[in-house]
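Following: one structure in C-alpha cells, then a few remarks.
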Amino acid sequence: MLQANFIKENREKVLERLTVRNFKDAHLIDEIIILDQKRKDIQADSDNIQASINSSSKEIGNLFKQGKKEEAEEKRTNVANWKIELKELQEEADLVKSKLEDALLAVPNVPHPSVPAGNTDEDNEVFKAWEGDFPKLPERHFPHWELAEKYGIFDLKLGVKLTGAGFPVYRGKGAKLQRALIAFFLDEAEKAGYEEFIPPLLVNEESARGTGQLPDKEGQMYHATVDDLYLIPTAEVPITNLYRDAILNEKDFPIKMTGYTPCFRREAGSYGAHVRGLNRLHQFDKVEIVRIEHPEQSYAALDDMLEHVAGLLDKLGLPYRILRLCGGDLGFTSALTFDFEVFSAAQERWLEVSSVSNFETFQSNRLKLRYRDANNKKHLVHTLNGSALALPRILAALLENNQTENGILVPEVLRPYTRFDIID
RNA sequence: GGAGGAGUGGCAGAGCGGUUGAAUGCACUGGUCUUGAAAACCAGCAUACCUUUACGGGUAUCGGGGGUUCGAAUCCCUCCUCCUCCGCCA
C-alpha cells in the first residue's frame with residue numbers, strides 16, 4: 001500500500017509510472033488526495049471538540065469540589081452537546097477512513113524506472129539469456145510425469161485419492177531427492193548469510209494483511225474458517241511478518257532470512273499440457289529468502305539475491321534465463337521483479353522457478369516496519385524476497401534434463417544429500 | 001476441555017474514578033567531574049495522527065474492542081494472550 005502523503009506529493013510521477021502497468025485511473029488518485037485532506041480536516045475539528053470536553057471536565061470537577069453546583073450543571077449540558085457533535089464527526093471520520101483505505105488498496109506499487117511497459121509475459125525483457133548448451137536427451141526421452149511413473153518418483157493419482165488434484169505424493173528416491181534439494185538450498189542460503197527459520201504454516205488475518213494477501217486475494221489461500229486461519233501461500237508471509245510492527249536501528253541492516261515451507265495455493269488453474277505433472281500444484285515445497293533493507297541498499301540487495309539464485313541453478317547444472325517483468329506482468333505489490341526460468345528439455349519449455357522482487361515500502365507501510373535514522377527520524381524500510389528455489393519445477397527439469405538410457409543422474413552437488421547417484 | 005490468577009513505557013514495577021502520559025528503579029542518550037574509565041551528580045528519554053516556517057500546541061494510546069460517567073489505567077461487558085492446578089495428548 002502506498003502512503004497517501006507520497007501520492008499527494010508525487011501525483012504526476014505516480015500516474016506516469018503506473019501507466020507502465022496499465023493503471024491509468026487518475027480519478028482514484030485524486031480521490032485519495034481529497035479523502036486524505038478530508039480526513040485531516042475532520043480530525044482537526046474533532047480534536048478541538050475533544051479538547052473542549054477535556055478542559056470542561058476538569059472545571060466541572062473543580063466546581064463540584066467548590067460546591068458550585070449550578071455552574072457545574074451548566075457545563076455539563078455543554079459537554080453533552082459537544083459529545084453529540086463529536087459522535088457525528090467520528091462517524092464521518094470512520095466513513096472517510098474506510099473509503100480512503102479502500103482507495104489506497106486499489107493502487108498497485110509504483111514500478112521501478114527500469115520496468116518496461118507491456119501487457120503480458122510476452123513483453124517481459126530477457127535480462128540474461130542462456131548462452132550455454134542445452135541438454136542432449138537420448139533418442140527415447142520422456143516428460144517428467146512419464147519418468148515419474150517409470151521410476152516411482154511421485155504419484156499424482158495417489159494424491160487425488162488422499163486429497164485431490166494438485167497434491168502429489170513423492171515416494172522412494174523421489175522423496176529423498178526432494179529432501180536433498182531442500183537441504184541443499186537451505187545450506188546454500190546459510191552460506192550466503194541468511195538465518196534459517198521454520199515458521200508456522202497457518203497465519204492469522206493480520207499477517208495475511210501485512211504482506212498484502214488480504215484483502216483481495218483471499219481466493220488464493222486456503223482458509224481454515226473455524227479458527228479463521230490461512231494456510232500460507234509462501235514462506236514470505238510468516239517470515240516477513242516476523243518484523244511486523246517493528247522499529248529497527250540502522251545498524252540492524254541487512255536482515256537476511258530464509259526458510260523452507262510447503263506452500264498452499266488454491267488458484268483453480270486451467271487443465272492441460274501446461275499444468276501437467278509438477279508444473280502447477282496446490283501444494284508444493286519452496287525455500288524462500290527474505291530481506292529487510294535500508295532504502296539506499298535495497299537494489300544492491302536485489303542484485304545480490306539474483307546472484308544467489310543464479311548460483312544455485314549453476315550448481316545444479318540447469319540451463320536458465322532471467323527475465324525482467326514488464327509492467328503488465330509485475331505483481332501488484334512489487335516495484336521490480338526478476339523471474340528465473342529453467343529449460344525443461346523434454347517438454348521443451350521454460351519453467352518459472354523463482355521470482356525475486358523488491359517491494360520497496362509497499363509492504364513495510366502495511367507492516368508498520370520502520371527504522372530510525374541518525375537523526376532519530378523514522379522511515380519505512382524496503383522489503384524484498386525471492387524463491388531460492390521452488391521445488392517442483394526444479395525437480396521436473398532435473399528429471400527431464402538428466403535422463404539417460406540407464407536412469408536419471410543426480411547432480412553432483414546433491415549426491416552428498418541423496419547418497420545415490422542415479423535413479424533407476 | 002475444566003478451575004483459578006494476571007496483562008501498565010525498552011525492562012522491572014507503583015497507581016485502582018479527577019492536572020497520571022502515567023511514581024520509582026534499571027537500561028539508554030547528553031553534560032559536569034576525571035589524564036582516561038568507573039562511580040557520583042545534573043539533564044533528557046514512548047508511539048501515532050493533526051497543527052506550526054520554527055519554538056511549540058492539540059488529540060489518542062496503560063493487551064484488543066465496546067460500554068457506564070461531566071471525567072476511566074482505575075468500574076462493567078466481551079475477545080485475545082500469558083501463568084498456576086486438573087484432564088487429554090505427539
Side-chain angles (χ1 to χ4, degrees), chain A residues 1-9 32-104 198-210 214-215 223-230 238 241-252 255 262 361 363-381:
Chain A
M1 190 164 70
L2 296 174
Q3 297 180 102
N5 255 341
F6 175 82
I7 290 175
K8 184 178 158 190
E9 281 159 27
I32 287 170
I33 295 170
I34 291 165
L35 284 170
D36 191 48
Q37 189 54 49
K38 217 166 171 178
R39 193 200 103 242
K40 290 177 183 179
D41 293 345
I42 293 173
Q43 181 169 347
D45 288 348
S46 67
D47 278 2
N48 282 335
I49 294 175
Q50 188 62 251
S52 303
I53 292 175
N54 287 347
S55 68
S56 284
S57 293
K58 275 178 196 164
E59 286 168 30
I60 289 169
N62 288 330
L63 288 171
F64 270 123
K65 270 180 205 159
Q66 293 164 26
K68 296 181 182 166
K69 268 204 162 159
E70 273 139 55
E71 270 180 71
E73 287 302 335
E74 202 182 305
K75 285 199 183 288
R76 259 157 87 151
T77 32
N78 281 342
V79 170
N81 288 334
W82 280 328
K83 283 185 84 171
I84 293 165
E85 219 176 306
L86 189 64
K87 199 170 181 195
E88 280 167 13
L89 271 179
Q90 262 155 10
E91 274 163 18
E92 203 186 333
D94 288 345
L95 190 72
V96 168
K97 277 186 202 162
S98 89
K99 274 189 189 165
L100 179 61
E101 167 101 355
D102 289 348
L104 283 169
I198 301 180
L201 305 181
L202 285 158
V203 293
N204 57 27
E205 193 185 320
E206 247 186 309
S207 297
R209 293 183 82 89
L214 288 179
H223 186 192
T225 50
V226 177
D227 297 294
D228 203 16
L229 296 172
Y230 296 86
N241 269 283
L242 292 170
Y243 281 89
R244 169 151 47 85
D245 251 318
I247 299 178
L248 306 169
N249 293 311
E250 280 187 309
K251 64 175 161 52
D252 295 330
I255 293 170
T361 61
Q363 285 184 331
S364 60
N365 186 30
R366 267 305 188 76
L367 292 161
K368 295 204 187 76
L369 170 50
R370 291 149 298 170
Y371 72 96
R372 230 187 275 275
D373 70 16
N375 299 318
N376 241 347
K377 283 249 187 299
K378 283 172 285 287
H379 310 275
L380 294 171
V381 307

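Just so we're on the same page: letters track the sequence lines, and every chain starts at 1.
- Among the atoms of the strands shown, only primed sugar atoms or phosphate atoms (P, OP1, OP2) are found under 4.0 Å from some heavy atom of Asn54(A).
- Rounding to the nearest 0.5 Å places OG of Ser46(A) at 10.5 Å from CD of Glu85(A).
- Taking atom CG on Asp227(A) and atom P on G1(B), their separation rounds to 10 Å, with Å as the unit.
- Remark: the separation of the C1' atoms in G31(B) and G13(B) is 29 Å, to the nearest Å.
- Taking atom P in both A23(B) and G10(B), the straight-line distance is 13 Å, to the nearest Å.
- Between Lys378(A) and A48(B) there is a side-chain polar atom (N or O) within less than 4.0 angstrom of OP1 or OP2.
- Between U47(B) and Arg372(A), a contact under 4.0 Å exists linking OP1 or OP2 to a side-chain N or O.
- The nucleotide A54(B) finds no pairing partner, because no Watson-Crick or G-U wobble arrangement with both distances shorter than 3.5 Å includes it.
- A distance of about 14 Å separates the P atoms of G4(B) and C77(B), rounded to the whole Å.
- The nucleotide whose nearest atom lies closest to any side-chain atom of Lys40(A) is, among U51(B), U59(B), C49(B), U51(B).
- Between Gln50(A) and A60(B) there is a side-chain polar atom (N or O) within less than 4.0 angstrom of OP1 or OP2.
- Remark: G4(B) base-pairs with C83(B); criterion is Watson-Crick or G-U wobble with both hydrogen-bond distances under 3.5 Å.
- For the pair Lys97(A) NZ and A48(B) P, the computed distance is 16 Å after rounding to whole Å.
- Nucleotide U35(B) forms no Watson-Crick or G-U wobble pair with any nucleotide shown, as no partner meets the under 3.5 Å limit on both distances.
- The phosphate of C50(B) has OP1 or OP2 within less than 4.0 Å of a side-chain N or O from Arg39(A).
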Practice task
Determine, step by step, whether Arg39(A) and Asp36(A) satisfy the salt bridge (Lys or Arg N to Asp or Glu O under 4.0 Å) criterion, reporting the C-alpha distance in whole Å, the side-chain angles of both residues, the deciding distance to 0.1 Å, and the verdict.
Solution key: CA-CA 5 Å; Arg39(A) 193 200 103 242; Asp36(A) 191 48; 2.4 Å; yes
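- The gap from the P atom of G15(B) to that of G9(B) amounts to 16 Å, rounded to the nearest Å.
- Rounded to whole angstrom, the span from the CZ atom of Arg244(A) across to the C1' atom of G64(B) amounts to 13 Å.
- Residues Asn54(A) and Ser57(A) bring no donor and acceptor atom of their side chains to less than 3.5 Å of each other.
- One C1' atom belongs to U20(B), the other to U8(B), and the distance between them is 12 Å to the nearest Å.
- Residue Lys83(A) contributes atom NZ, which lies 16 Å from atom C1' of U59(B) at whole-angstrom precision.
- Across all strands shown, Lys368(A) has no heavy atoms under 4.0 Å from either base or sugar-phosphate atoms.
- With both ends at atom C1', the span from G25(B) to U84(B) equals 28 Å, rounded to whole Å.
- One P atom belongs to C83(B), the other to A12(B), and the distance between them is 14 Å to the nearest Å.
- Taking atom CG of Asp41(A) as the reference point, atom C1' of U51(B) lies 12 Å away to the nearest angstrom.
- Projected onto RNA chain B by closest heavy-atom contact, Ser52(A) and Ile247(A) fall at different nucleotides, the more 5' of which corresponds to Ile247(A).
- Remark: the separation of the P atoms in G66(B) and A72(B) is 14 Å, to the nearest Å.
- Checked by atom type and distance alone, the side chain of Asp252(A) pairs as donor or acceptor with a backbone atom of Asn249(A) at under 3.5 Å.
- Within the nucleic acid shown, Lys58(A) has no heavy atom closer than 4.0 Å to any nucleic acid atom.
- Between Arg76(A) and the phosphate of U69(B), there is no side-chain N or O to OP1/OP2 separation shorter than 4.0 Å.
- Rounded to an integer number of Å, the gap from CG of Asp94(A) to P of C49(B) is 18 Å.
- Rounded to an integer number of Å, the gap from Asp45(A) CG to U59(B) P is 14 Å.
- Of all nucleotides present, none satisfies the Watson-Crick or G-U wobble test against A27(B) with each distance under 3.5 Å.
- Salt bridge Asp41(A)/Lys38(A): absent, no basic N to carboxylate O contact under 4.0 Å.
- In a base pair of the Watson-Crick type (N1 to N3 plus N6-O4 or O6-N4) or a G-U wobble (N1-O2 and O6-N3), with each distance short of 3.5 Å, C45(B) is matched with no nucleotide.
- Classified by interplanar angle (parallel below 30°, tilted 30° to 60°, perpendicular above 60°), the ring pair Tyr371(A)/His379(A) is tilted.
- One can place CD1 of Ile42(A) at 22 Å from P of G58(B), the figure rounded to the nearest angstrom.
- For G71(B), the OP1/OP2 oxygens have no side-chain nitrogen or oxygen of Lys75(A) closer than 4.0 Å.
- In this entry G18(B) has C70(B) as its Watson-Crick or G-U wobble partner, both defining distances falling under 3.5 Å.
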